[in-house]
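Scroll down for the structure; my scribbles are underneath it.
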Protein chains: 2
Amino acid sequence: MANLTITEVSKKYNIKPDTLRYYERIGLIPKVPRQSNGNRYYNEGLQGWIEMIVCLRHSDVPVEKLVDYAEMLNQGDSTLDAREELLKEQLAELEQRKSNLNRSIKRLKHKISLYDSGEIKKGKSYFEEYKIMDD
Amino acid sequence: MANLTITEVSKKYNIKPDTLRYYERIGLIPKVPRQSNGNRYYNEGLQGWIEMIVCLRHSDVPVEKLVDYAEMLNQGDSTLDAREELLKEQLAELEQRKSNLNRSIKRLKHKISLYDSGEIKKGKSYFEEYKIMDD
DNA sequence: TCTTGACCTTGAGTTAACTCCAAGTAGTAC
DNA sequence: GTACTACTTGGAGTTAACTCAAGGTCAAGA
């Protein structure tokens, strides 16, 4: 795992260079070290952090929360408790999201089964379809 | 289950009246019937449809997709296959989302356990913390 | 009669998270 | 020296999904 340029990181994590620069600008990623020509290079630590960000962003953890976390990291040990608290809040949020998701998945599967079984047929209106859709 | 006014529906599904009117404007909800004074009233069928929308929106199914579905409903039986297809696509999308979510949840839980066990201690930098965070 | 409150309309404003643009530089290839 | 490519910057533009504001109608109650 070596130092990578911005495009290499961009490919590795499937995220645009512009987004990486944007994350840096807003303080989600700390000052990235530069080569003599001014180009960024991303070391192991940064890559790990970016992987974490990308993972959590795929679950729509707000950028703002991640920035808060990053800022607390910079402030050192005085923020240990607050950091853990933030992680726990986000976890709770994701668990909630998961239960919503399960409800939606169940609903969609049910509805698809109605299409498959032919129970939803010609000319149904919103109202008529609803009668069937509402389990 | 009787006819409800816009604020009643708004309370029932925890969604703002403005949002309900917005949904109607963009064709996600069909023309809502009016009382003599011009006020909307929502009948059973509409309420069922709104419940469906709210459920799927909690899982971030795009409004645009729901509008597509609503428009196809209006077009009748010729769109049966396309409607089922749309539902299947959204289902696949949600399943994907769920697996992302599980990954994030696992990650957060792991990280929290590191805080709890005291393995993340004073003065860790991004880099140092990453070493621990990366399982 | 006056006021309050719930509703209406059109159209504009907001927010999050990118995403793109123009103009410039640094390094390599011929 | 002239392309060509990969980067740099600051700032503007985009998109989705609301969300609000201004001004108007109407019915019920003091």
Side-chain angles (χ1 to χ4, degrees), chain A residues 2-43 46 50 52-71 90 93-94 97 100 104, chain B residues 2-43 46 50 52-71 90 93-94 97 100 104:
Chain A
N3 291 344
L4 300 180
T5 67
I6 199 165
T7 12
E8 286 164 341
V9 171
S10 135
K11 277 168 188 155
K12 182 171 178 188
Y13 297 112
N14 199 30
I15 172 180
K16 299 204 172 139
D18 269 331
T19 304
L20 282 163
R21 283 187 283 256
Y22 163 69
Y23 283 166
E24 190 176 341
R25 200 158 49 185
I26 64 175
L28 176 51
I29 296 174
K31 288 281 179 202
V32 176
R34 308 303 183 102
Q35 287 164 331
S36 52
N37 61 9
N39 292 8
R40 291 167 177 82
Y41 65 91
Y42 296 80
N43 57 31
L46 283 169
I50 288 163
M52 176 84 166
I53 290 167
V54 167
C55 175
L56 296 182
R57 286 296 300 132
H58 277 149
S59 297
D60 297 306
V61 172
V63 166
E64 191 193 3
K65 296 292 172 185
L66 299 175
V67 171
D68 288 349
Y69 187 82
E71 281 170 357
Q90 294 315 304
E93 180 64 38
L94 295 196
R97 205 93 56 87
N100 290 155
S104 295
Chain B
N3 290 343
L4 299 180
T5 67
I6 198 165
T7 10
E8 286 165 341
V9 172
S10 135
K11 278 167 188 156
K12 183 170 177 186
Y13 297 112
N14 199 29
I15 170 180
K16 299 202 173 143
D18 269 332
T19 305
L20 283 164
R21 283 187 283 259
Y22 163 70
Y23 283 167
E24 190 177 340
R25 204 158 49 186
I26 64 173
L28 176 51
I29 295 174
K31 286 280 176 204
V32 176
R34 306 304 181 100
Q35 285 162 336
S36 51
N37 62 9
N39 290 11
R40 292 169 176 80
Y41 65 91
Y42 296 80
N43 57 32
L46 283 169
I50 288 163
M52 176 85 165
I53 291 167
V54 167
C55 175
L56 296 182
R57 287 296 300 132
H58 278 147
S59 296
D60 297 306
V61 173
V63 166
E64 190 193 3
K65 295 294 174 184
L66 299 174
V67 171
D68 288 350
Y69 186 83
E71 280 170 356
Q90 294 315 304
E93 181 64 39
L94 295 196
R97 206 94 55 85
N100 290 154
S104 295

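Worth knowing before you read on, the calculation uses all heavy atoms, side chains too, and leaves out hydrogens, waters and symmetry mates. If you're wondering where the values come from, they're calculated on a predicted model, not measured in any experiment. Chain letters run A, B, ... following the sequence lines, proteins first and then strands; every chain starts at 1.
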So, is [X] close to the [N] phosphate, meaning a side-chain N or O under 4.0 Å from OP1 or OP2?
{"X": "R40(B)", "N": "dC8(C)", "value": "yes"}
{"X": "T5(B)", "N": "dC7(C)", "value": "yes"}
{"X": "R21(A)", "N": "dC21(C)", "value": "no"}

Protein heavy-atom contacts under 4.0 Å, written 5' to 3' over nucleotides 22-30 of chain C as B (base), S (sugar-phosphate only) or - (none), form the string ----SS---
[X] [atom1] to [N] [atom2]: how many Å, rounded?
{"X": "I15(A)", "N": "dC20(C)", "atom1": "CD1", "atom2": "P", "answer": "13 Å"}
{"X": "R34(B)", "N": "dT25(D)", "atom1": "CZ", "atom2": "C1'", "answer": "13 Å"}
{"X": "L4(B)", "N": "dA6(C)", "atom1": "CG", "atom2": "C1'", "answer": "15 Å"}
{"X": "K11(B)", "N": "dA6(C)", "atom1": "NZ", "atom2": "C1'", "answer": "10 Å"}

Which is true for I6(A) with a 4.0 Å heavy-atom rule: it touches a base, it touches only sugar-phosphate, or it touches nothing?
sugar-phosphate
Using side-chain heavy atoms (C-beta onward) and a distance below 4.5 Å, is [X] in contact with [Y]?
{"X": "K11(A)", "Y": "L4(A)", "result": "no"}
{"X": "N39(B)", "Y": "T5(B)", "result": "no"}
{"X": "R97(A)", "Y": "R97(B)", "result": "no"}

Step by step, work out the side-chain contact (heavy atoms from CB on, under 4.5 Å) result for Y42(A) and L20(A).
CA-CA 11 Å; Y42(A) 296 80; L20(A) 282 163; 3.9 Å; yes
Using only atom types and a distance under 3.5 Å, with no angle test, would you say the side chain of Q90(A) pairs donor to acceptor with the backbone of K65(A)?
no
Keeping S10(A) on the side-chain end and I15(A) on the backbone end, is there a donor-acceptor pair under 3.5 Å?
yes
When rounded to the nearest 0.5 angstrom, what is the spacing between [atom1] in [X] and [atom2] in [Y]?
{"X": "L46(B)", "Y": "I29(B)", "atom1": "CG", "atom2": "CD1", "result": "7.0 Å"}
{"X": "D60(A)", "Y": "E93(A)", "atom1": "CG", "atom2": "CD", "result": "10.0 Å"}
{"X": "N14(A)", "Y": "K12(A)", "atom1": "CG", "atom2": "NZ", "result": "13.5 Å"}

Produce the list of close N/O pairs, under 3.5 Å, pairing protein atoms with atoms of nucleotides 16-19 of chain D; give distances to one decimal.
unit_1, atom_1, unit_2, atom_2, d
dA17(D), OP1, V63(B), N, 3.3
dC18(D), OP2, Y23(B), OH, 2.8
dC18(D), OP2, R57(B), NE, 3.0
dC18(D), OP2, R57(B), NH2, 3.3
dT19(D), O4, R25(B), NH2, 3.2

Start with the C-alpha gap between V63(A) and Y23(A), add the side-chain angles, then the distance that decides, and say whether side-chain contact (heavy atoms from CB on, under 4.5 Å) holds.
CA-CA 9 Å; V63(A) 166; Y23(A) 283 166; 4.3 Å; yes
Specify the angle, to 10°, made by the local axes at the two ends of the helix from dT1(C)-dA30(D) to dC30(C)-dG1(D) when five pairs are taken at each end.
20°
I need the minimum non-hydrogen distance between P17(A) and I6(A), along with the two atoms involved.
O-CD1, 3.7 Å
